[in-house]
Amino acid sequence: MMPELPEVETIRRQLVEKVVGARIKKVEVRLAKVMKNSTSGTELLEGKAITGVFRRGKWLWLALEGDWALAFHLGMTGQLVWEGKGELPPHTHLLIELDRGRLRFTDFRQFGRVRLGKSKEIRDYLEEKLGPEPLSPIFSASYLENVLAKSRRPVKALLLDQKAVAGLGNIYTDEALFLAGIDPRRPACTLAEDEVKKLHEAIQKVLAEGIAHRGTSIRNYVDATGVAGEHGLFLHVYGRGGQPCLRCGTLIKKIKLCGRGTHFCPHCQR
């Protein structure tokens, strides 16, 4: 399971309290390939204070003095944890010693990446890759309707496209489509206006609930304090293949769609 918008936003909110104003004492790159662009320059961050923590889609970045930024993508199993001293867990690839505690980036499967650059470079890089934030005013029902109308792809495939909407992944897409009563296999352009409105509301609702429960922990995800999220207790379809639908009792079906495991209720999502 790849951490999605609610998981990354949870980490961001916690790190704002923990690290903003802290000063970097040392940056240790323990696995070179984790740095997407270059490991050179990390020594320039020593002595600089963290001035902010921001999120864009599934990316999170630390803003630093001198207009530097350090951006993280957690990949499939990445963890970004603030903690005190102690033994480092296996697969810790980046360690940032602070004047109060430390930040560690741990990633068992090594799909996560870190980018170092000037703040504008990081922002421009992410803006080029990502569509609007689904909890922002830009992501309106009319915007969603326009995007859906241009595509014959399955509606789930379009929602997973980060250029269309940033931050959605497998879990919250399945949950939003269930809440809206839409079959994930439907061609995007076939949704009627009232269905688009329901889908728009459902997307914002499931993301807000995921944030409120500190994210969904399936396998490796933990928040910035190393604690599992609780939203897994509130899922309606994701991960429940073969179990009764909580709404109608029909067995939840799991199929492969767009190369991803997809969960839906054949009765509630006709």
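Each residue takes its place number in the sequence, starting with 1. As the structure is a computational prediction, the values presented were derived from the model and not from experiment.
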So, [X] and [Y], do they make that salt bridge, N to O below 4.0 Å?
| X | Y | answer |
| --- | --- | --- |
| Glu7 | Arg214 | no |
| Glu83 | Arg104 | yes |
| Glu46 | Lys26 | no |
| Glu121 | Arg115 | no |
| Arg13 | Glu9 | yes |

Check this for me: [X], atom [atom1], are more than 12 non-hydrogen atoms of other residues, nucleotides or ligands nearer than 6.0 Å?
| X | atom1 | result |
| --- | --- | --- |
| Lys118 | NZ | yes |
| Lys48 | NZ | yes |
| Gln243 | CD | yes |

- [ ] Test side-chain hydrogen bond (donor to acceptor under 3.5 Å, both in side chains) on Asp223 and Gln14 and set out the steps.
- [x] CA-CA 8 Å; Asp223 65 19; Gln14 293 173 327; 3.1 Å; yes
TODO: Report the residue from Ile24, Thr51, Leu116, Leu62 that forms a side-chain contact (heavy atoms from CB on, under 4.5 Å) with Trp68.
DONE: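 So, applying the side-chain contact (heavy atoms from CB on, under 4.5 Å) to Trp68 and each of Ile24, Thr51, Leu116, Leu62, only Leu116 qualifies.
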Task: Distance flag, aromatic centroids of His231 and Tyr172, threshold under 6.0 Å - done: yes
- [ ] Please check if the distance between the ring centroids of Phe105 and His93 is under 6.0 Å.
- [x] no
